[in-house]
**Q** 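What follows is a single structure, and I will ask about it in a moment.
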Amino acid sequence: MPEMPEVETIRRTLADKVAGRKIIRVDIGLPRLVKWPTAAEFQAVLTDRTITKLVRRGKYLLFYLDNNYVLIIHLRMTGRLYYKTPGSEFDKFTHILFKLDNGDILLYADTRTLGTLYLMPEEELWRIAGLASMGPEPLSAEFTLEYFADMLSKRRAKIKTVLLNQKLIGGLGNIYVDEALAIACIDPERIASSLTAQEANYLHQAINQVIAAGIAHGGTTFRDYRDGAGQSGSHQRYLQVYGRTNEPCQRCGGIIARKEVAGRGTHYCPNCQK
DNA sequence: ACATGCACCTGGATGC
DNA sequence: TGCATCCAGGTGCATG
């Protein structure tokens, strides 16, 4: 479900509410969501811990605790985190409750139950391979044009596959990859190393542009995604190609097409994207 | 080392 | 209404 702009929006809507709050009780309805350690240990170590800060890395959320432990959550496709006051209605797919010392609740809900939760000391975060090996994020100081162009020149996979690889760039997902390729007018099936310097430059700018816009609009809501307060995002109104199959391209008036690339539904304008 | 395909899950939309 | 099929903001693992 959520890509970097959605996870960042969730972080922003939760950070001030959970920082400084003590977790007084953890209820786990679906233990298999807890990947490390056991659900019982997870519950025991978290109880009576205070959240000091909430950090995002790629699509991961990291809740730092006052005992040097970190609660790590990856929402995968349909995970949701909500801050709830007592008496408000709970999500039908709620699986884990974190009860806080002010009576409020941080709630984890997940329709497809593919999300993952971990708890470990900060110095053991390397155990989470996807987190430890993540590449630079769009909009970060490390995501330079030099890094991007050099990395592309070494890859013989399709450009879409490369952009989705979290080891190479952290935080992009299916929506923002399709959008960035549309803005840069690049065919998603182009071999990464075949991009010219100018195309790499356009694409680098397009990636930063769509991610910044996604964050500014509070994320993209197609079905499941909501922020920490339960609100939908609005970036779906600004999409050029994603979810617009058979609609006219805003650039050329041609028809937006859909096909499978890198095992994912891919939306593009066959006329504009070469 | 690197690329691809499938498994992991459930539910909503669509078509017959 | 019922049933089958397809599709879904992601990633990890087996395989070649």
Side-chain angles (χ1 to χ4, degrees), chain A residues 1-11 29-36 56-61 72-81 91-95 108-118 127-135 138 151-181 188-193 207 210-211 213-215 217-227 232-246 258-267:
Chain A
M1 163 175 89
E3 307 179 31
M4 178 179 153
E6 289 72 39
V7 180
E8 175 60 19
T9 302
I10 292 168
R11 191 197 67 77
L30 191 58
R32 68 173 161 79
L33 297 179
V34 178
K35 304 302 177 186
W36 185 276
R56 180 192 56 75
R57 178 80 175 96
K59 302 172 193 172
Y60 289 86
L61 282 169
I72 305 103
I73 301 182
H74 194 302
L75 303 167
R76 284 294 209 281
M77 294 292 266
T78 51
R80 299 178 289 277
L81 274 171
D91 189 293
K92 183 179 163 190
F93 301 97
T94 295
H95 299 302
Y108 180 80
D110 195 340
T111 313
R112 291 174 69 184
T113 69
L114 296 171
T116 50
L117 293 88
Y118 309 80
R127 290 180 187 279
I128 304 174
L131 185 58
S133 66
M134 188 175 303
M151 181 273 288
L152 292 187
S153 73
K154 294 173 181 161
R155 299 278 154 176
R156 274 164 297 169
K158 292 170 183 172
I159 184 65
K160 170 142 182 175
T161 306
V162 170
L163 299 184
L164 285 172
N165 185 338
Q166 304 295 298
K167 291 185 174 69
L168 305 177
I169 304 172
L172 290 179
N174 206 34
I175 292 179
Y176 296 95
V177 164
D178 279 6
E179 291 300 303
L181 288 168
E189 298 206 85
R190 282 277 297 283
I191 299 304
S193 60
I207 289 167
V210 292
I211 292 297
I215 293 171
H217 295 138
T220 302
T221 298
F222 260 93
R223 43 203 318 183
D224 302 281
Y225 164 69
R226 299 291 184 280
D227 70 20
S232 296
S234 64
H235 191 68
Q236 61 278 8
R237 295 182 209 152
Y238 304 91
L239 298 176
Q240 305 295 305
V241 290
Y242 187 91
R244 299 203 181 279
T245 310
N246 294 329
R258 181 191 176 282
K259 66 179 170 182
E260 191 169 304
V261 179
R264 313 293 301 274
T266 299
H267 314 74

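All chains are named by letter (A, B, ...) in the order of the sequence lines, taking the proteins before the strands, and each is independently numbered beginning at 1.
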**Q** Any chance the rings of A/H235 and A/Y242 have centres within less than 6.0 Å?
**A**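 No, the ring centres sit 6.0 Å or more apart.
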
**Q** If we check side-chain contact (heavy atoms from CB on, under 4.5 Å) with A/D178, which of these qualifies: A/V210, A/L239, A/T266?
**A**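 Going through A/V210, A/L239, A/T266 one by one, the side-chain contact (heavy atoms from CB on, under 4.5 Å) with A/D178 is satisfied by A/T266 alone.
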
**Q** Measure the distance from CD1 on A/I128 to P on C/dG12 and round it to the nearest whole Å.
**A** 10 Å

**Q** Any chance you could encode DNA chain B as dot-bracket? Rule is Watson-Crick or G-U wobble with both distances under 3.5 Å; [ ] for pairs crossing earlier ones, | for another strand.
**A** .|||||||.|||||||

**Q** Over all strands shown, is A/K158 touching base, sugar-phosphate only, or nothing at heavy-atom distances under 4.0 angstrom?
**A**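 Nothing, no nucleic acid heavy atom in range.
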
**Q** Anything under 3.5 Å between a protein N or O and an N or O of nucleotides 11-16 of chain B, put it in a table, one pair a line.
**A**
{"unit_1": "B/dG12", "atom_1": "O4'", "unit_2": "A/R223", "atom_2": "NH2", "d": "3.3"}

**Q** Do A/H95 and A/D110 pair up side chain to side chain, a donor and an acceptor below 3.5 Å, judged on atom types alone?
**A**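 No, no side-chain donor-acceptor pair sits under 3.5 Å.
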
**Q** Quick one: closest heavy-atom pair of A/T78 and A/T113, and the distance?
**A**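 That would be OG1-N, 4.2 Å.
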
**Q** Within the pair A/H74 and C/dG10, is there a side-chain N or O less than 4.0 Å away from OP1 or OP2?
**A** no

**Q** In terms of the angle between their ring planes, are A/H217 and A/Y238 parallel, tilted or perpendicular, with boundaries placed at 30° and 60°?
**A** parallel

**Q** Rounding to an integer number of angstrom, what distance separates C/dA4 and B/dC9 when you compare their P atoms?
**A** 22 Å

**Q** Can you check the A/D224 CG to C/dC7 C1' distance for me, whole Å?
**A** 12 Å

**Q** Roughly how many Å is it from OH in A/Y60 to P in C/dT11, rounded to a whole number?
**A**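 Rounded to whole Å, this separation is 7 Å.
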
**Q** Measure the distance from CG on A/N165 to C1' on B/dT4 and round it to the nearest whole Å.
**A** 13 Å

**Q** Hey, does A/G173 reach any base, or is it just sugar-phosphate, or nothing, if we go heavy atoms under 4.0 Å?
**A**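 Result for A/G173 = sugar-phosphate.
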
**Q** So which atom in A/T220 and which in A/E6 form the shortest heavy-atom distance, rounded to 0.1 Å?
**A** N-OE2, 2.7 Å

**Q** With a 4.0 Å cutoff (strictly under), does any side-chain N or O of A/R264 reach OP1 or OP2 of C/dC7?
**A**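 No.
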
**Q** Under 4.0 angstrom, heavy atoms only, what part of the nucleic acid is A/T116 near: base, sugar-phosphate, or nothing?
**A**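 No contact.
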
**Q** Taking atom P of C/dT11 as reference, at what distance in whole Å does atom CG of A/L163 sit?
**A**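 Between P of C/dT11 and CG of A/L163: 14 Å.
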
**Q** If I compare all heavy atoms of A/G173 with all of A/L164, which pair ends up nearest, and what's the gap?
**A** C-CD2, 3.5 Å

**Q** In whole Å, what is the span from the CD atom of A/Q236 to the P atom of C/dA8?
**A**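 The answer, rounded to whole Å, is 17 Å.
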
**Q** Could you please name the option among C/dG10, B/dT10, B/dT4 that lies closest to any side-chain atom of A/R32?
**A**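 That would be B/dT10.
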
**Q** Of all the heavy-atom pairs spanning A/G214 and A/P5, show the shortest one and how long it is.
**A** C-CB, 3.6 Å

**Q** Which comes earlier along DNA chain B counting from the 5' end, the contact point of A/K154 or that of A/T113, where each point is its nearest nucleotide?
**A** A/K154

**Q** Can you check whether A/Q166 has a side-chain N or O nearer than 4.0 Å to OP1 or OP2 of C/dG10?
**A**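 Indeed not, no polar side-chain atom of A/Q166 lies that close.
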
**Q** Quick one: A/W36 CH2 to C/dG12 P, roughly how many Å, whole number?
**A**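 To the nearest whole Å, that distance equals 16 Å.
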
**Q** Scan side-chain atoms only and decide if A/E3 and A/Y225 contain a donor-acceptor pair under the 3.5 Å cut-off.
**A** no

**Q** For A/V241 and A/H267, work out which heavy atoms get closest and say how close.
**A**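 Looks like O-CB, 3.2 Å.
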
**Q** What is the separation between atom NZ on A/K167 and atom C1' on B/dA1, rounded to the nearest whole Å?
**A**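 Rounded to whole Å, this separation is 12 Å.
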
